[in-house]
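One structure is given below, encoded as structure tokens.
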Amino acid sequence: MQKLSEQEVIRRKALERLKELGINPYPAEEFVVTHTPEEAKRDYSPEEEQEEMSMAGRLMMKRVMGKASFAELKTPDGKMQLYISRDEICPEEDKTLYNEVFKRLLDIGDFIGVKGKLFTTKTGEITLRVSSLKLLSKSLRPLPIVKVDADGTVHDAFSDPELRYRQRYVDLIVNPDVSSIFVKRSKMISAVRRFFDDRGWMEVETPILQPIHGGAAARPFKTHHNTLDTDLYLRIANELYLKRLIVGGYKGVYEIGKMFRNEGMDRTHNPEFTLLEVYIAYKDYFWMMSMVESLLEEVAFKATGSTLVTFDGHDIDFKGPYRRLTMMDAIEQYSGVDVSGMNEEELRKVCKEFHIDVDNTMGTGKLIDEIFGEKVEPHLIQPTFITDYPIEMTPLAKKHRSKEGLVERFELFVAGKELANAYSELNDPIDQRARFEEQLRLAERGDEEAMALDNDFLRAMEYGMPPTSGLGIGMDRLAMLLTGQTSIQEVLFFPQMKPERKG
RNA sequence: GACUCGGUAGCUCAGCCGGUAGAGCAACGGCCUUUUAAGCCGUGGGUCCUGGGUUCGAAUCCCAGCCGGGUCACCA
């Protein structure tokens with residue numbers, strides 16, 4: 001049994017006293033709510049006769065002034081100030097409900113239901129004059145009370161990140177700004193769904209437990225299925241399954257789902273994260289760029305009410321069209337060096353000049369990517385498409401229609417970070433097999449990122465896959481951009497944490 | 001993983017040149033029928049993250065560990 005704090009002991013005693021008084025602290029019957037605070041205030045006019053209304057929520061503040069009190073009720077739809085007068089809720093001789101139940105036994109954090117009519121206080125706040133009051137659920141732990149003064153200054157904020165993430169429920173109760181981040185995130189996700197559903201593309205679900213962790217380069221989480229006696233992996237990507245569905249004949253499929261990567265955690269990486277993947281048949285990556293512009297413009301607007309967001313000190317506009325430039329042009333523009341056509345030796349020289357750390361396992365593609373990451377990425381603040389990547393690092397993209405050594409791939413950068421990644425998908429099964437085999441060679445040389453070969457995926461492709469463009473967008477990063485948060489933990493309800501040590 | 005900062009009351013923090021712990025809010029008792037960071041008077045509340053060490057004596061100094069934040073590295 002855990003040791004209770006003084007305040008917890010007091011609340012448990014209050015719970016017992018309530019029971020003695022015949023009050024069930026956790027009643028089963030429905031308390032019918034007739035109004036949200038907003039509805040009530042909107043329809044209120046002081047002259048008109050009112051019907052009695054009822055509301056329910058959490059008691060967040062009590063200001064007792066003898067025989068009358070003000071209280072603050074936090075409902076799921078907004079706040080309402082309550083005015084509670086002893087003789088109005090206790091019209092008879094017995095004043096227990098006010099003197100003992102309300103003043104002593106009800107605590108901040110308790111859920112109550114109230115009935116009454118509105119009036120305007122001296123200071124002009126529309127307030128519910130309570131005629132009756134009912135306990136709906138007793139709270140046994142004290143909430144951290146955050147106070148905001150007349151200037152809007154926050155006092156005693158509940159701000160310890162460890163406590164906030166471990167006890168997100170408390171964070172959500174006392175920090176309305178935190179709660180609204182997740183409302184925006186939810187709107188964002190539903191706007192994405194609506195965008196695709198409106199176009200006739202189908203939301204699908206593909207396996208999370210996979211026998212081969214294909215479609216991306218990352219260390220997986222491993223698990224075991226007892227009945228099948230088989231090792232399985234939590235997916236690091238779903239790309240190869242979605243392409244199988246395109247082979248199966250759907251014109252467009254998308255999935256919004258969790259991916260799992262057993263790697264480092266930091267401000268932009270959580271071991272499980274939400275990825276949007278879209279595959280549309282008969283399209284190429286140019287078409288996909290236009291679609292991304294439409295998508296992000298619409299989603300930003302629906303989630304936040306504007307295409308303009310502020311992130312990390314930058315004003316970012318998601319209104320399309322976005323700047324497009326090839327990777328080689330971008331490098332030349334921001335570093336002054338034209339790396340196109342350079343061999344590995346020349347690229348290493350460039351890296352050395354720029355003081356970029358490289359190692360011997362890196363080929364030309366990786367070296368170019370390093371230069372890009374160092375010299376270009378930080379400058380890409382407004383949404384920018386970078387196109388036409390080296391073939392070595394992109395085993396699932398189609399070879400460029402005209403440029404030797406490149407693939408038809410783009411990434412979208414915003415605020416100096418990658419947000420989306422897309423290809424004209426490789427649909428030549430012979431080429432695909434050759435690319436996988438190249439990855440195997442890299443793996444043999446010690447490249448841990450090399451992609452595993454998936455024979456069933458190749459079999460599917462051999463039956464014929466239509467020309468297709470595919471796209472992935474990190475939903476957590478998009479949520480960060482749309483809510484102005486620079487830490488991924490602030491857009492995940494329950495970010496991964498080490499287990500609490502038992503006290 | 002490296003470096004760095006932090007962990008003290010329910011919350012936010014002070015105390016850290018060693019001498020058995022403080023403030024504000026919250027809580028408890030009293031007063032108060034239009035308050036809104038309500039106010040006034042009074043009271044209680046602590047595994048000072050954990051474990052070792054130094055010392056007559058450790059929240060404070062030293063060592064190790066745990067948990068978290070930040071930066072970097074790794075990683076898309």
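When reading the values below, keep in mind they use all heavy atoms of this one structure, side chains included, and skip hydrogens, waters and symmetry mates. Protein chains get the first letters and strands the later ones, always in sequence-line order, with residue 1 at the start of each.
- For the pair A:D160 CG and B:rC67 C1', the computed distance is 10 Å after rounding to whole Å.
- Across all strands shown, the partner of B:rG6 is B:rC67, judged by Watson-Crick or G-U wobble contacts whose two distances both fall under 3.5 Å.
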Donor-acceptor list for residues 170-179 of chain A side chains, cut-off 3.5 Å, not counting sequence neighbours:
{"unit_1": "A:D171", "atom_1": "OD1", "unit_2": "A:R164", "atom_2": "NE", "d": "2.9"}
{"unit_1": "A:D171", "atom_1": "OD1", "unit_2": "A:N175", "atom_2": "ND2", "d": "2.7"}
{"unit_1": "A:D171", "atom_1": "OD2", "unit_2": "A:R164", "atom_2": "NE", "d": "3.2"}
{"unit_1": "A:D171", "atom_1": "OD2", "unit_2": "A:R164", "atom_2": "NH2", "d": "3.2"}
{"unit_1": "A:D171", "atom_1": "OD2", "unit_2": "A:R168", "atom_2": "NH1", "d": "2.8"}
{"unit_1": "A:N175", "atom_1": "ND2", "unit_2": "A:F158", "atom_2": "O", "d": "3.1"}

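- A:F457 is linked by a ring-ring contact (aromatic ring centres under 6.0 Å, His included) to nothing, counting only residues two or more places apart in sequence or in another chain.
- Taking the six-membered ring where tryptophan is involved, the planes of A:F182 and A:F493 are essentially parallel, since the angle between them stays under 30° and well short of 60°.
- Put simply, NZ on A:K122 is 18 Å from P on B:rA38, counting in whole angstrom units.
- Using a 3.5 Å distance cut-off with no hydrogens or angles, the side chains of A:R63 and A:Q81 do pair a donor with an acceptor.
- The separation between A:Y423 atom OH and B:rA76 atom P is 12 Å, rounded to whole Å.
- Residues of residues 476-494 of chain A having a heavy atom closer than 4.0 Å to RNA chain B, listed by number: A:Q489.
- For A:Y241, the ring-ring contact (aromatic ring centres under 6.0 Å, His included) test picks out no residue, with sequence neighbours left out.
- In this structure, the CZ atom of A:F70 is 15 Å from the P atom of B:rG39, given to the nearest Å.
- With rounding to whole Å, A:Y98 atom OH is found 10 Å from B:rC32 atom P.
- Checking B:rG69, B:rU35, B:rC13 against every side-chain atom of A:M65, the shortest atom distance belongs to B:rU35.
- In a base pair of the Watson-Crick type (N1 to N3 plus N6-O4 or O6-N4) or a G-U wobble (N1-O2 and O6-N3), with each distance short of 3.5 Å, B:rG22 is matched with B:rC13.
- Contact between the side-chain N/O atoms of A:R166 and the OP1/OP2 oxygens of B:rG68 is found at a separation under 4.0 Å.
- Within the shown strands, B:rC72 is the pairing partner of B:rG1 under the Watson-Crick or G-U definition, both distances less than 3.5 Å.
- Separation of the A:Y254 and A:Y279 ring centroids does not fall under the 6.0 Å cut-off.
- Distance from the side chain of A:P161 is smallest for B:rG68 among the nucleotides B:rG68, B:rA76, B:rA37.
- Considering only residues two or more places apart in sequence or on other chains, A:E239 meets the salt bridge (Lys or Arg N to Asp or Glu O under 4.0 Å) condition with A:K243.
- Only A:Q81, A:Y83, A:D87, listed by number, bring a heavy atom of residues 76-97 of chain A to less than 4.0 angstrom from any atom of RNA chain B.
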Which pairs, protein N/O on one side and nucleotides 25-29 of chain B N/O on the other, fall under 3.5 Å?
{"unit_1": "B:rC25", "atom_1": "O3'", "unit_2": "A:K147", "atom_2": "NZ", "d": "3.1"}
{"unit_1": "B:rA26", "atom_1": "OP1", "unit_2": "A:K147", "atom_2": "NZ", "d": "3.1"}
{"unit_1": "B:rA26", "atom_1": "N3", "unit_2": "A:Q7", "atom_2": "NE2", "d": "3.0"}
{"unit_1": "B:rA27", "atom_1": "O4'", "unit_2": "A:Q7", "atom_2": "OE1", "d": "3.4"}
{"unit_1": "B:rG29", "atom_1": "OP1", "unit_2": "A:R104", "atom_2": "NH1", "d": "3.2"}

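- Taking A:F318 as the reference, nothing meets the ring-ring contact (aromatic ring centres under 6.0 Å, His included) condition, with sequence neighbours excluded.
- Side-chain atoms of A:E125 and A:T120 include no donor-acceptor pair closer than 3.5 Å.
- Spacing between atom CE of A:M393 and atom C1' of B:rA76 amounts to 9 Å, rounded to whole angstrom units.
- The ring-ring contact (aromatic ring centres under 6.0 Å, His included) search around A:F102 returns A:Y98, not counting sequence neighbours.
- RNA chain B is contacted by A:D266, A:R267, A:H269 of residues 264-280 of chain A, taking any non-hydrogen atom closer than 4.0 Å.
- The residue A:R164 sits apart from the nucleic acid: no heavy atom pair falls under 4.0 Å.
- Base contact: A:K67 has a heavy atom under 4.0 Å from a base atom.
- Side-chain atoms of A:T121 and base atoms of B:rU35 include a donor and an acceptor less than 3.5 Å apart.
- With sequence neighbours left out, A:H155 forms a side chain to side chain donor-acceptor pair (under 3.5 Å) with A:D149.
- With hydrogens and angles ignored, a donor-acceptor pair under 3.5 angstrom links the side chain of A:D369 to the base of B:rA76.
- A:P220 places none of its side-chain heavy atoms less than 4.5 Å from the side chain of A:R261.
- The listed nucleotides are B:rU12, B:rG69, B:rA76; the one nearest the side chain of A:Y165 is B:rG69.
- We find that CD1 of A:I386 is positioned 15 Å from C1' of B:rA76, with the value rounded to whole Å.
- At a threshold of 4.0 angstrom between heavy atoms, the contacts of A:V146 with the nucleic acid are absent.
- For the pair A:D357 CG and B:rC75 C1', the interatomic distance rounds to 16 Å; values are reported in whole Å.
- Residues forming a salt bridge (Lys or Arg N to Asp or Glu O under 4.0 Å) with A:R323 (at least two apart in sequence, or on another chain): none.
- Using a 4.0 Å heavy-atom distance criterion, A:E72 is classed as making no nucleic acid contact.
- Between the side chains of A:E490 and A:S487, not a single donor N or O lies within less than 3.5 Å of an accepting N or O.
- A sub-4.0 Å separation between OP1 or OP2 of B:rA38 and a side-chain N or O of A:R63 is present.
- Judged purely by distance below 3.5 Å, without hydrogens or angles, the side chains of A:T96 and A:D94 pair a donor atom with an acceptor atom.
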